Amino acid sequence: MNYRKIFLLLFLFLSWQINAMEIKGRISLEEGWQPVVFLAALNSPVDLFVASPDFILAETFIQADGSFEIRTDDVPENPGFYRLYLVKADISLVEFNTTENRNYIHLLLDRNSTIELQASVSNNALVIDGLAGSAVKENLDILNFDREYVRRGKMLTGDLTKVRRDFLTNDMTAYIRQFVSSQENALVGLYALYHIDDKNTDFLLNSEFYFDFQQKLEDQFPINTYTDAYNDLLKELIGFRDYVCEMPGIQPKWKDQLIIAESFIIVLLLVFTVWLIVTKRKLKFSQANLNPKSLYDSLTTKQQEILGMLANGKTNKEIAQELFVEVSTVKTHINNIYRQLNVTTRKEAIDYFRQIVGQ
């Protein structure tokens, strides 16, 4: 074999290593657990609550010292949800229970993800003691959400009065909505949103929340099976709302109150919008005249570079190609530039840039 073939084989091997998902670490097992780690791919948000052998993507043995490693390139480039789980020696199931400890964790990964975790099994639960690697923040957010979701779920067990149960249920739903809204990554928010137990009722009361999240999801992940699944869910929720509105005796009971509430909110929004526009214009004028260059200097190096590309007439797609990033990332940078420079349009941003650099 000549050197060219050897080099080619080495290159292919290294390319495979670089573009492969890797999950490794150590798991301390209790007696009665199989020394095997399973990795399942979840192609839909609904699959977060479904277990099937057909979902299994890879599996590996846990060594005597607790170490394990899973490496696979048989996954999409786009981020998605995966389930890492263990099973007992006599039960090969993933148990979904709001109030009990779980033998699995969910992770948000893509083909280039590397995750290293330290875990143990305690009281029939898979407990994560440490997590490192790529996308750590998103996965820690998911783990923390699961812990809080289980904690609140335990409060709903036992002999509760109807009033107490309704209060805790509403509190749980409100917590989930707040968590969804606070997440920068829309897929992490999607993970939590699917934990709302009665989406139909919640949609009747908080439809704007669901539509706002749809826009956020489509902005970040326009081509994604999870986005398609959420759009289908939203169609079902809209259909349920339309059906309820047509039911005799139900429409008058709450629709009048809803119209009054919406009218009040619209008035408040109009007043707030006018106030915000006036305030923003005053702030923009004062800051721009006070020291316009200081606002430009407050931008990061990357933001200044993107602003220069905008001034040169490049489109978002061309900027993304030149910087080797996603178009959604460029949009995020541009929105941040607008906010920091107190401008609202691309033309205003370009004029601001040319004023500073003297073009």
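The analysis underlying the following values was restricted to heavy atoms, covering all of them including side chains, and did not include hydrogens, waters or symmetry mates. Along the sequence shown, residues are numbered consecutively beginning with 1. Predicted, not measured: the structure shown is a model, and the values here were computed from it.
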Answer yes or no: is there a donor N or O on one side and an acceptor on the other, between the side chain of [X] and the main chain of [Y], under 3.5 Å?
X	Y	value
Q183	V180	no
Q34	K88	yes
D47	V50	no
S182	F179	yes
Q303	T300	yes
Q220	A186	yes
Y338	R346	yes
Q304	S298	no
K199	I196	yes
S181	Q178	no

Do we see a donor-acceptor contact under 3.5 Å between the side chains of [X] and [Y]?
X	Y	result
D202	Y210	yes
D129	S120	yes
D74	T72	no
T332	N335	no

Within 6.0 Å of [atom1] in [X], more than 12 heavy atoms from elsewhere:
X	atom1	value
L270	CG	yes
R164	CZ	no
E318	CD	yes
Q321	CD	yes
D197	CG	no
E69	CD	yes
F61	CZ	no

Do [X] and [Y] come within less than 4.5 Å of each other through their side chains, counting heavy atoms only?
X	Y	result
L86	V36	no
F81	L108	yes
D146	Y104	no
S207	R241	yes
E348	D351	no
R83	L39	no
Y85	I56	yes
M21	D73	no

Do [X] and [Y] sit in one hydrophobic cluster, given that two such residues count as connected whenever their side-chain heavy atoms are within less than 4.5 Å of each other, even indirectly?
X	Y	answer
F55	Y194	yes
W33	I62	yes
L204	I265	no
L29	V127	no
F209	L269	no

**OP:** Decide yes or no on side-chain contact (heavy atoms from CB on, under 4.5 Å) for L323 and I306, but give the supporting numbers first.
**Re:** CA-CA 9 Å; L323 297 180; I306 292 175; 3.7 Å; yes
Donor-acceptor contacts under 3.5 Å from residues 231-240 side chains, at least two apart:
from, atom 1, to, atom 2, distance (Å)
N231, OD1, Q214, NE2, 2.9
N231, ND2, E218, OE2, 3.3
N231, ND2, T227, O, 3.3

Could you tell me the separation between the [atom1] atom of [X] and the [atom2] atom of [Y], rounded to the nearest 0.5 Å?
X	Y	atom1	atom2	value
L217	F213	CG	CZ	5.0 Å
K347	L310	NZ	CG	14.0 Å
N139	H106	CG	NE2	11.5 Å
R26	Q118	CZ	CD	7.0 Å
Y149	K154	OH	NZ	13.5 Å
T315	M309	OG1	CE	11.0 Å

Testing the basics here: between [X] and [Y], what is the closest heavy-atom pair and its distance to 0.1 Å?
X	Y	answer
Y82	P76	OH-CD, 3.6 Å
N112	S134	O-OG, 4.3 Å
L156	R165	O-NH1, 2.8 Å
I70	T60	CG1-CG2, 3.4 Å
L84	L126	O-CD2, 4.1 Å
D65	S67	OD1-OG, 2.7 Å

**OP:** Kindly indicate, with the supporting measurements, whether the criterion side-chain contact (heavy atoms from CB on, under 4.5 Å) is fulfilled by E22 and I115.
**Re:** CA-CA 6 Å; E22 181 182 70; I115 290 290; over 6 Å; no
**OP:** Output, in order, the C-alpha distance, side-chain angles, deciding distance and verdict of side chain to side chain donor-acceptor pair (under 3.5 Å) for D219 and Q215.
**Re:** CA-CA 6 Å; D219 287 344; Q215 186 62 55; 2.9 Å; yes
Original post:
Among L160, V163, T173, which one satisfies side-chain contact (heavy atoms from CB on, under 4.5 Å) with L168?
Top reply: L160
Original post:
How far apart are the C-alpha atoms of T225 and N78, what are their side-chain angles, what is the distance that settles it, and do they pass the side-chain contact (heavy atoms from CB on, under 4.5 Å) test?
Top reply: CA-CA 10 Å; T225 56; N78 292 329; over 6 Å; no
Original post:
Below 6.0 angstrom between ring centroids: does that apply to Y191 and Y226?
Top reply: no
Subject >> Worked verdict on V330 versus H333 for side-chain contact (heavy atoms from CB on, under 4.5 Å) >> reply: CA-CA 5 Å; V330 174; H333 280 302; 5.6 Å; no
**OP:** Compute both the distance and the angle, then confirm whether R152 meets the cation-pi test with Y175: under 6.0 Å from the six-membered ring centre, within 45 degrees of the axis.
**Re:**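 Judged by the rule (NZ or CZ under 6.0 Å from the ring centre, within 45° of its axis), R152 counts as positioned above Y175.
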**OP:** Sequence neighbours left out, what passes side chain to side chain donor-acceptor pair (under 3.5 Å) with N224? Give chain and number order.
**Re:**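 Not a single residue meets the side chain to side chain donor-acceptor pair (under 3.5 Å) criterion with N224.
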Subject >> Verdict with supporting geometry, S113 and D110, side chain to side chain donor-acceptor pair (under 3.5 Å) >> reply: CA-CA 5 Å; S113 294; D110 59 37; 3.1 Å; yes
Subject >> Ion pair K216/D212, N-O distance below 4.0 Å >> reply: no
